[in-house]
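Only heavy atoms go into these numbers, but all of them, side chains included; no hydrogens, no water, no symmetry mates. Predicted model only: the values in this text are computed from it and were never measured. We count ligands from 1, going down the list as the structure has it; atoms in each ligand are counted the same way. The residues of the chain are indexed from 1 along the displayed sequence.
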Amino acid sequence: MEKKAFHLANGSTLSLSQDFILPDDNRSVPSNLCPLLSIPVINMKDSIPVLVKKISQACEEYGFFQIINHGVPSELCQKMVDSVTDFFSLPPEERALLFTDDKTKPLRISNYYLKVEGKERVTMWSETLAHPWHPVEDLAHLLPQNPPHYREIATEYAKEIGSLMNQLLSLISMGLGLEKDFLQKSLGQNPRLVSQCNFYPPCPDPELTLGLPTHTDLNALTILLQSQGVTGLQAIKTGEWIAVDPVPDALVINLGDQIQVLSNGRYKSVHHRAVTNKDSYRVSIAMFYGPNKDIIIGPIEDLIDEQHPPMYRRVS
Ligand code: OGA
Ligand code: NI
């Protein structure tokens with residue numbers, strides 16, 4: 001894809017105009033990145049006890065980790081990134097058909113904004129395609145029709161992510177000293193499984209823009225696949241921004257708010273953001289696993305005692 005102006009599905013064009021330029025104090029300054037720290041990389045071929053320990057430590061200290069040897073074929077990951085790229089290469093008129101502000105639409109294109117006090121909101125330098133990734137058997141009609149190979153690849157990818165998600169949730173449960181299906185049971189029979197594909201075109205002056213505003217993920221667990229060789233994701237560790245740079249064939253895992261609450265604050269849902277870059281476009285595919293709307297989530301009883309009083313209320 002060439003470095004020409006990117007036309008958003010909402011009818012506007014990415015440019016260094018007021019709409020996209022951040023106020024001074026919201027800018028990401030590369031020299032403020034902490035170069036010494038990086039998030040743990042965990043080898044999923046390690047033994048279960050080793051994995052439980054390493055994952056538990058990463059969840060407590062970082063809320064983020066990367067996994068290698070996770071079993072999702074590397075060609076499939078590449079195909080998934082390529083089909084998302086192909087999707088965002090469709091003419092804007094075609095993407096516009098899926099553009100909506102209605103967050104209840106299962107299949108939709110949207111934009112993110114940064115709300116800035118006393119100023120118009122700033123539009124993020126990105127576009128996002130969201131759709132469910134479950135039920136896999138009956139997914140196709142909920143996915144974009146174009147590019148034509150998208151449905152097949154996204155369905156295959158969703159299947160792989162489904163089993164990896166189960167595996168990770170059990171390892172995380174065990175790390176909390178719980179039965180391995182405990183977290184999954186707490187999140188309910190009908191989890192909310194949404195995938196969010198983010199596209200970040202190159203930006204002539206990355207310090208002036210952001211790809212995604214600082215946020216925590218609302219769900220329980222996120223598995224993120226990102227373009228190889230392009231940086232963009234950053235997370236906060238003890239008050240400093242650190243880069244979550246792509247590691248070959250790795251997937252990024254981060255905890256969402258629901259696990260922070262269920263674990264009574266022991267595991268962290270950490271603030272993160274996406275920055276833009278000058279040289280090439282970047283793709284990321286976040287697969288979210290969250291509770292259904294009607295599930296009540298609160299700290300798990302077994303994790304509450306005199307030393308660890310409940311830090312959160314039970315809410316749906
Ligand atoms: C997200 C997210 C980060 C990225 O989609 O919630 O944090 O690198 N994405 O795109
Ligand atoms: Ni996120």
List every atom of ligand 1 that sits less than 4.0 Å from any heavy atom of [X], numbering the atoms from 1 in the order shown and giving each element.
{"X": "His215", "answer": "1 (C), 2 (C), 6 (O), 7 (O)"}
{"X": "Ala286", "answer": "5 (O)"}
{"X": "Asn198", "answer": "5 (O), 9 (N), 10 (O)"}
{"X": "Tyr200", "answer": "4 (C), 10 (O)"}
{"X": "Gln196", "answer": "5 (O)"}

- Item | Of Asn146, Val283, Leu129, the residue whose pairing with Phe87 passes side chain to side chain contact (heavy atoms under 4.5 Å, CB included) |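 Looking at Asn146, Val283, Leu129, the match for Phe87 under the side chain to side chain contact (heavy atoms under 4.5 Å, CB included) is Leu129.
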Heavy atoms from other residues, nucleotides or ligands near [atom1] of [X] exceed 12 (cutoff 6.0 Å):
{"X": "Glu152", "atom1": "CD", "result": "no"}
{"X": "Arg192", "atom1": "CZ", "result": "no"}
{"X": "Gln145", "atom1": "CD", "result": "no"}

- Determine the interplanar angle of the His131 and Tyr150 rings, folded into 0 to 90°, and report it as parallel if under 30°, tilted if 30 to 60°, perpendicular if over 60°.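 Geometry flag for Tyr150 against His131: perpendicular rings.
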- Report the relative orientation of the aromatic rings in Phe199 and Phe88; use parallel for angles under 30°, tilted for 30 to 60°, perpendicular for over 60°.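 Parallel, since the angle between the ring planes stays under 30°.
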- Does Thr128 have a heavy atom less than 4.0 Å from any atom of ligand 1?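 Thr128: no contact with ligand 1 (<4.0 Å).
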- Item | Non-hydrogen atom of Arg282 closer than 4.0 Å to ligand 1 |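 Arg282 counts as a contact of ligand 1 under the 4.0 Å cut-off.
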Any idea which part of [X] is under 4.0 Å from ligand 1, heavy-atom wise: side chain, backbone, both or neither?
{"X": "Leu212", "value": "side chain"}
{"X": "Tyr112", "value": "neither"}
{"X": "Asp217", "value": "side chain"}
{"X": "Thr222", "value": "neither"}
{"X": "His272", "value": "side chain"}

- Task: Would you mind checking which non-hydrogen protein atom is closest to atom 3 (C) of ligand 1, with the distance to 0.1 Å?
- Result: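 Result for atom 3 (C) of ligand 1: Leu233 CD1, 3.7 Å.
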- Task: Could you grab the distance from atom CD of Glu93 to atom CZ of Phe99, nearest 0.5 Å is fine?
- Result: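 If we round to the nearest 0.5 Å, Glu93:CD and Phe99:CZ are 15.0 Å apart.
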- Sorted by chain and residue number, which protein N/O/S atoms are under 2.8 Å from the Ni ion (ligand 2)?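 Less than 2.8 Å away from the Ni ion (ligand 2) sit His215 NE2, Asp217 OD1, His272 NE2.
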- Message: When you compare the side chain of Arg273 with that of Trp241, does any pair of heavy atoms fall below 4.5 Å?
- Response: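 Trp241 reaches Arg273 side chain to side chain.
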- Verdict with reasoning, Thr216 to Asp257, per side chain to side chain donor-acceptor pair (under 3.5 Å): CA-CA 7 Å; Thr216 59; Asp257 299 348; 3.0 Å; yes
- Query: Is any NZ, NE, NH1 or NH2 atom of the basic residue among Glu127 and Arg95 found under 4.0 Å from an Asp or Glu carboxylate oxygen of the other?
  - Reply: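 Between Arg95 and Glu127 there is a salt bridge, with a charged N closer than 4.0 Å to a carboxylate O.
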- For the rings on His271 and His215, is their centre-to-centre separation under 6.0 Å?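 Between His215 and His271, which both carry aromatic rings, the centre distance is not below 6.0 Å.
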- Task: Compare every heavy atom of Asp86 with every heavy atom of His149, then report the nearest pair and how far apart it is.
- Result: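 Nearest pair, atom of His149 first, then Asp86: NE2-OD2, 3.0 Å.
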- Considering non-hydrogen atoms only, spot the tightest contact between Gly290 and Asn219 and give its length.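 Looking at all heavy atoms of both residues, the closest pair is CA-CB, 3.9 Å.
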- Task: Answer yes or no: does an N/O atom from Gln226 fall short of 3.5 Å to an N/O atom of ligand 1?
- Result: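 The answer is no, given that Gln226 and ligand 1 share no N or O pair closer than 3.5 Å.
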